[in-house]
Q: 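First the structure, then my questions, so here it is.
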Amino acid sequence: MTTADPTAGATAAHDVTDLGLAAAGVRRIEWAEREMPVLRLIRERFERDRPLDGLRVGACLHVTTETANLMRTLKAGGARVTLAASNPLSTQDDVAAALVAEYGIPTHARRGEDRDTYYAHLNAVADTHPRLTMDDGCDLVSLLHSERPEQVKQVLAGTEETTTGVIRLKAMAADFALGFPVVAVNEAQTKHLFDNRYGTGQSTVDGILRATNILLAGRKVVIAGYGWVGRGIASRMSGMGAHVAIVEVDPVRALEALMDGYQVMTAGDAAAWGDLFVTATGNLNVFRREHFAVMRDGAIMANSGHFDAELDLAALREMAEGHVKEVRTNVQEFDLGGKKVHLIAEGRLVNLGAAEGHPAAVMDMSFANQALSAEYVVQHHAELGKQVYVVPQAIDEEVARLKLAAIGIVLDEMTPEQRAYVSSWQHGT
Ligand SMILES: NC(=O)c1ccc[n+]([C@@H]2O[C@H](COP(=O)([O-])OP(=O)(O)OC[C@H]3O[C@@H](n4cnc5c(N)ncnc54)[C@H](O)[C@@H]3O)[C@@H](O)[C@H]2O)c1
């Protein structure tokens with residue numbers, strides 16, 4: 001098993017809740033590491049090759065056990081990393097403490113921080129003048145471009161973890177506003193096919209169950225968005241016996257949901273039908289005043305999209321006229337007069353706000369892509385334009401190959417005859 005970083009001398013710069021939680025954090029970080037064999041192999045190589053030697057990395061990521069293992073990997077590669085949270089409610093305080101006290105990684109993150117503290121923490125990262133940004137949701141890149149334009153040219157490149165961040169970055173590039181190249185880690189197949197689908201699918205159910213302890217069998221569950229995240233949540237909910245309905249705006253995705261065996265409805269029809277509502281669209285106000293008005297007594301809402309914008313919380317608060325109370329940890333009850341509806345984790349990412357986020361085994365692949373993409377941009381930034389790039393296919397395939405090898409799965413190879421067959425056009429009926 002690994003030990004804490006022996007080079008961690010003076011306490012790294014930080015703003016965390018309680019350094020006394022570090023020992024508990026180390027235990028959980030090491031537990032996660034057991035499930036992250038690909039990242040561990042990369043860390044061992046990084047220790048030897050030091051591909052990020054001296055590179056200042058500014059990271060804005062969910063401060064979880066898996067992220068801690070990514071930070072250790074970057075540090076092993078020679079990077080000088082500073083970390084802030086990418087969501088006010090996703091920080092695991094023991095992990096933040098361990099990063100500072102045991103691994104010597106400057107960390108600025110407190111679970112439940114308010115908006116001002118969130119941005120103070122992002123600014124603390126920006127103050128280190130990062131040469132590489134590593135974002136989950138584009139908040140760090142956005143801060144640098146909007147408030148510190150003079151720093152943008154110091155940045156060699158960035159990486160981005162999630163769908164919402166990639167959408168924001170593509171909008172910046174289309175506006176010619178993006179000041180450096182960014183690799184969209186989310187676009188790697190070994191990221192979104194597994195992390196968004198199986199990781200969020202499982203951990204969203206986990207968050208909802210930890211918060212409410214409801215029975216899913218027989219329950220009517222409405223999922224808004226049938227993208228990678230929505231598909232994962234739908235299949236897990238249905239696997240536990242829920243009746244699932246999908247709300248979509250894209251006709252192809254809606255058809256796919258229908259043929260996968262789910263009902264497809266408008267948000268208006270679903271609002272009156274469902275017991276539990278989960279949003280995963282990356283969009284704004286998917287459920288709003290008119291939907292809350294027709295939801296049944298006891299309805300429960302949660303969001304698994306990146307921002308807490310998918311449920312119109314301002315309207316919900318207004319409708320409850322101050323009659324809001326916490327009825328369980330991470331569950332608020334809104335008394336709408338005649339009925340009560342419930343909200344989990346303040347409408348923030350439910351899997352991180354009410355559970356621990358994705359299982360480490362899936363983050364192994366996402367963060368292997370992050371580490372290898374960081375190495376790639378260090379080597380290739382001079383050839384890249386101010387655009388959003390997909391993860392090179394060679395990295396994607398390497399991550400899949402290493403993951404299969406770590407699980408002990410061996411694949412067939414095509415025979416020479418088969419290789420010739422699939423590359424020729426002469427063979428027919
Ligand atoms: N909770 C997590 O840990 C986690 C992990 C990965 C991604 N995410 C986030 O989840 C969100 C979805 O990610 P994804 O990869 O599934 O994206 P995606 O683009 O694959 O899917 C989003 C789907 O939502 C649909 N949609 C958009 N607006 C809608 C509306 N008004 N009503 C109904 N459907 C609508 C789109 O048509 C699309 O099919 C993003 O915000 C992403 O950043 C969260």
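Indexing begins at 1, ligand by ligand and atom by atom, following the structure's order.
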Q: Starting from atom 22 (C) of ligand 1, what is the nearest protein heavy atom, named by residue and atom, and what distance separates them?
A: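 It is Thr281 O, 3.7 Å.
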Q: Need the ligand 1 atom indices (1-based, order shown) with element for anything under 4.0 Å from a heavy-atom of Gly227.
A: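 Those atoms are 16 (O), 18 (P), 20 (O), 21 (O), 23 (C), 39 (O).
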Q: Using a strict 4.0 Å threshold on nitrogen-to-oxygen distance, state whether Asp94 and Arg28 make a salt bridge.
A: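 Counted as a salt bridge, because a side-chain N and a carboxylate O are separated by less than 4.0 Å.
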Q: Looking only at distance, does Val229 have an N or O less than 3.5 Å from an N or O of ligand 1?
A: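 Yes, there is a polar N/O contact under 3.5 Å.
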Q: Which protein heavy atom lies closest to atom 28 (N) of ligand 1, and at what distance to 0.1 Å?
A: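 It is Asn283 ND2, 3.1 Å.
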Q: Taking only heavy atoms of Thr162 into account, list the atoms of ligand 1 that are under 4.0 Å away from them.
A: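 Listed by number with element, the hits are 6 (C), 7 (C), 8 (N), 9 (C), 42 (C), 43 (O).
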Q: With a 3.5 Å cut-off and no angle check, do the side chains of His358 and Ser203 form a donor-acceptor pair?
A: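 Side-chain D/A pair, His358 to Ser203: present.
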Q: How are the rings of Phe194 and Tyr198 set to each other: parallel, tilted or perpendicular (split at 30° and 60°)?
A: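 If you compare the ring of Phe194 with that of Tyr198, the planes turn out tilted.
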Q: Indicate whether the side chain of Gln370 and that of Glu161 have a donor and an acceptor atom separated by less than 3.5 Å.
A: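 Present: a donor and an acceptor within the cut-off.
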Q: Would you check whether Asp195 has a nitrogen or oxygen atom less than 3.5 angstrom from a nitrogen or oxygen atom of ligand 1?
A: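 No, no N or O pair falls under 3.5 Å.
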Q: So, Asn123 versus Arg148: side-chain donor-acceptor pair below 3.5 Å or not?
A: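 Side chains of Asn123 and Arg148: pair found under 3.5 Å.
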Q: How far is atom 12 (C) of ligand 1 from its nearest protein heavy atom, and which residue and atom name does that atom have?
A: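 That would be Ala280 O, 3.5 Å.
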Q: Out of Cys138, Ser366, Ser304, indicate the one that has the non-hydrogen atom closest to atom 1 (N) of ligand 1.
A: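 Looking at heavy atoms only, the winner is Ser304.
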Q: Compare Thr164, Asp250, Asn87, Thr163 and give the one whose heavy atom is closest to atom 19 (O) of ligand 1.
A: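 The residue whose heavy atom sits nearest atom 19 (O) of ligand 1 is Thr163.
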Q: Can you report which non-hydrogen protein atom sits closest to atom 29 (C) of ligand 1, along with the distance?
A: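 Of the protein heavy atoms, Val249 CG2, 3.6 Å lies nearest.
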Q: Identify, by atom number and element, the atoms of ligand 1 in contact range of His306, meaning under 4.0 Å from any of its heavy atoms.
A: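 Checking each atom against His306, I get 9 (C), 41 (O), 43 (O).
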Q: Against heavy atoms of Val247, which atoms of ligand 1 measure under 4.0 Å?
A: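 So the answer, numbered in order with elements, is 33 (C), 34 (N).
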Q: Going by atom types alone, do Asn186 and Lys191 pair a side-chain donor with an acceptor below 3.5 Å?
A: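 Their side chains do contain a donor-acceptor pair, which is all the 3.5 Å distance test asks for.
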Q: Please determine whether a side-chain nitrogen of the Lys or Arg among Arg328 and Glu326 lies less than 4.0 Å from a carboxylate oxygen of the Asp or Glu.
A: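 Answer for the salt bridge query: no.
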Q: Please state which option from His192, Arg253, Glu248 has its nearest heavy atom closest to atom 37 (O) of ligand 1.
A: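 Checking each option, the heavy atom nearest atom 37 (O) of ligand 1 is found in Glu248.
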Q: Backbone, side chain, both or neither: what part of Asn351 comes under 4.0 angstrom of ligand 1, heavy atoms only?
A: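 The part of Asn351 near ligand 1 is the side chain, not the backbone.
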Q: Using 30° and 60° as the class boundaries, would you call the ring planes of Tyr262 and Tyr226 parallel, tilted or perpendicular?
A: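 Ring orientation, 0 to 90° scale: perpendicular.
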Q: Contact between ligand 1 and Arg231 is defined here as a heavy atom of the residue under 4.0 Å from a ligand atom; is it met?
A: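 So Arg231 does not count as touching ligand 1.
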Q: Could you identify the single nearest non-hydrogen protein atom to atom 5 (C) of ligand 1 and state the distance to 0.1 Å?
A: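 Looking only at protein heavy atoms, the one closest to atom 5 (C) of ligand 1 is Thr200 OG1, 3.3 Å.
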Q: Do other residues, nucleotides or ligands put more than 12 heavy atoms under 6.0 Å from the CD atom of Glu375?
A: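 Yes, because the 6.0 Å sphere around CD of Glu375 holds more than 12 heavy atoms from other groups.
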Q: Can you find a side-chain donor-acceptor pair between Asn303 and Thr279 that sits under 3.5 Å?
A: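 Distance-only check passes for Asn303 and Thr279.
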